[in-house]
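Not measured: the values here are computed from a predicted model.
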Amino acid sequence: DYYMNDFIKAFGSIETNGVKVSDDVCDIFDMRVKKHISDGKLYSNYFLWTSTGRPSNSFGSVNFAALDSEKRKAFLPENDIFVEYDYDAYHLRLIADIVGYEFPKESVHKYMSKYYKCDYEKSKKLSFKYLYGKTPKEVIETNDFFRKVEEYKNRRWEEYRNKEFILTDIYNKRIFRRNLSNMNKNKLFNYLIQVMETENNMKMLNTLIPKFNKKNVESRLILYSYDSFLFDYDNNDGEKFLQDVKNEIEHKGKYPTSVSVGKNYHDMTDVTEKFNEKFNTK
């Protein structure tokens, strides 16, 4: 009940806000979306009962969780501007928190590039390759983060093999073995980290969303996309409000975000550096 109540409160609030669409939305998508538009908005629909616990999000002919760049042009702010917060290397930081490894506040991929002795882009590819696939023995032996991750994978796999169900790391939700098929150690880990992502976000959102329900606050959270959050921001709420939101999303610095702004969801500009300088954050 605790788990589902938090999920329903968070996603119900986002769905209610809707997303304003442009006059040419039917040209950008197709005529099927027309019957789903109400008061100039499209409304998302989060389906919570997926096998991994990570919600899907589609309504009518619109898949909000997989919008290509051209279709994003159809989404406009109802207030003054879109503000999006996007986590940096979220899964890596999440699992690090669970296994007891502390990354610095700098970019995780830049930090890991020192271990791999390569540039940023290759470091990013290698980290995700090792996290979700088979981690080479030499990486486990020389990289303390991946050693701890491998220990976690082995422990959870043994639990899965020997018990009727395993518990998720944050809400202690039961995942029953009978509901999973063709499972192996890495696939189970992928399931667990997706649940971890969703559960961590839900705890944060149920603290954040009441801030938007205060009197005279016009800004709204209108889309949730796993590791990013799109807000329809009203200038009258003040810049300090944006910093308060960022601080809440980041769990007071534990999960750093980048910040982008735009007049539609396609033309978003990264303003992270300016934002951090203004509020003296890193």
Side-chain angles (χ1 to χ4, degrees), residues 1-19 21 29 33 36 38 41-68 71-72 74-75 82 84-95 97-98 128 131-132 156 165-176 178-181 183 187-213 220-232 245 248-251 255 257 265:
D1 288 346
Y2 172 54
Y3 174 87
M4 288 313 302
N5 285 341
D6 274 6
F7 273 50
I8 290 167
K9 280 193 297 183
F11 287 116
S13 175
I14 299 170
E15 290 173 350
T16 300
N17 291 328
V19 188
V21 292
F29 285 89
V33 303
H36 299 297
S38 177
K41 294 182 179 181
L42 280 172
Y43 290 84
S44 55
N45 180 31
Y46 293 91
F47 180 73
L48 309 184
W49 290 271
T50 61
S51 59
T52 64
R54 174 191 259 186
S56 59
N57 181 18
S58 63
F59 186 72
S61 60
V62 180
N63 183 353
F64 290 93
L67 294 167
D68 62 42
K71 289 181 178 178
R72 290 183 177 214
F75 298 114
F82 279 153
E84 184 175 45
Y85 300 88
D86 198 334
Y87 283 123
D88 168 68
Y90 192 28
H91 283 188
L92 289 162
R93 290 187 184 274
L94 271 175
I95 192 63
D97 195 33
I98 293 296
F128 287 126
L131 188 67
Y132 300 122
R156 300 314 302 270
F165 61 84
I166 59 174
L167 299 176
T168 61
D169 289 281
I170 298 174
Y171 277 82
N172 290 323
K173 175 190 172 185
R174 295 180 178 185
I175 299 180
F176 285 89
R178 65 174 180 267
N179 294 329
L180 304 176
S181 59
M183 197 56 55
K187 187 176 179 181
L188 178 67
F189 175 73
N190 289 339
Y191 272 44
L192 287 170
I193 203 167
Q194 287 185 41
V195 173
M196 198 184 302
E197 164 203 273
T198 306
E199 291 185 346
N200 198 58
N201 289 341
M202 288 311 96
K203 290 186 79 70
M204 179 276 295
L205 286 174
N206 277 290
T207 302
L208 174 66
I209 286 173
K211 296 180 186 295
F212 289 87
N213 296 330
R220 294 290 181 266
L221 173 58
I222 58 172
L223 274 182
Y224 160 84
S225 301
Y226 310 137
D227 62 355
S228 67
F229 307 87
L230 183 67
F231 294 86
D232 188 340
V245 169
E248 198 71 55
I249 289 174
E250 293 185 344
H251 296 255
Y255 305 111
T257 62
Y265 197 25

Does [X] use its side chain to pair, donor to acceptor, with the backbone of [Y] at less than 3.5 Å?
X: Ser44; Y: Asn57; result: no
X: Glu250; Y: Thr257; result: yes
X: Tyr224; Y: Leu205; result: no
X: Thr168; Y: Asn172; result: yes

What about Tyr90 and Tyr226, are their ring centers closer than 6.0 Å?
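Judged by ring-centre distance (under 6.0 Å), Tyr90 and Tyr226 do not meet the cut-off.
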
State yes or no: are the ring centers of Phe212 and Phe231 separated by less than 6.0 Å?
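Yes, close enough.
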
Give, for atom [atom1] of [X] and atom [atom2] of [Y], the distance between the pair rounded to the nearest 0.5 Å.
X: Ile166; Y: Phe176; atom1: CD1; atom2: CZ; value: 11.0 Å
X: Asp68; Y: Asn63; atom1: CG; atom2: CG; value: 10.5 Å
X: Ile14; Y: Ile222; atom1: CD1; atom2: CD1; value: 10.0 Å
X: Lys173; Y: Met4; atom1: NZ; atom2: CE; value: 7.5 Å
X: Phe165; Y: Asn179; atom1: CZ; atom2: CG; value: 12.5 Å
X: Asp227; Y: Leu94; atom1: CG; atom2: CG; value: 10.0 Å

Applying side-chain contact (heavy atoms from CB on, under 4.5 Å), name anything that partners [X], two or more places apart in sequence or on another chain.
X: Phe47; value: Trp49, Thr50, Ser56
X: Asp169; value: Ile98, Tyr152, Arg156, Met196
X: Arg72; value: Leu67, Tyr265, His266

I'd like to check [X] versus [Y] (side-chain heavy atoms, cut-off strictly below 4.5 Å). Are they in contact?
X: Phe11; Y: Pro55; answer: yes
X: Phe229; Y: Met204; answer: yes
X: His36; Y: Tyr43; answer: no
X: Ile175; Y: Tyr191; answer: no
X: Ile95; Y: Phe189; answer: yes
X: Val21; Y: Val33; answer: no

Distance-minimising heavy-atom pair for [X] and [Y]:
X: Phe59; Y: Asn45; result: CD1-CB, 3.9 Å
X: Lys187; Y: Ser181; result: NZ-O, 3.2 Å
X: Val245; Y: Tyr85; result: CG1-CE1, 3.8 Å
X: Ile209; Y: Ala10; result: CD1-O, 3.7 Å

Whether the Tyr255 and Asp97 side chains hold a donor-acceptor pair (N or O, under 3.5 Å, no angle test) is what I'd like checked.
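Note: Tyr255 and Asp97 side chains meet the donor-acceptor criterion.
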
Pairs satisfying side chain to side chain donor-acceptor pair (under 3.5 Å), at least one member in residues 5-18, at least two apart
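Listed by first then second residue: Asp6-Tyr171.
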
Under the rule for salt bridge (charged side-chain N to carboxylate O under 4.0 Å, His left out), what residues qualify as partners of Asp88, not counting sequence neighbours?
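With neighbours one apart ignored, the set is Arg93.
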
Verify side-chain contact (heavy atoms from CB on, under 4.5 Å) between Tyr87 and Asn201, making sure each step is shown before the conclusion.
CA-CA 11 Å; Tyr87 283 123; Asn201 289 341; 3.7 Å; yes

According to salt bridge (charged side-chain N to carboxylate O under 4.0 Å, His left out), does anything in residues 196-209 pair up with another residue at least two apart or in another chain? List the pairs.
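As it turns out, the salt bridge (charged side-chain N to carboxylate O under 4.0 Å, His left out) pairs with a partner in residues 196-209, which skip direct neighbours, are Arg54-Glu197.
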
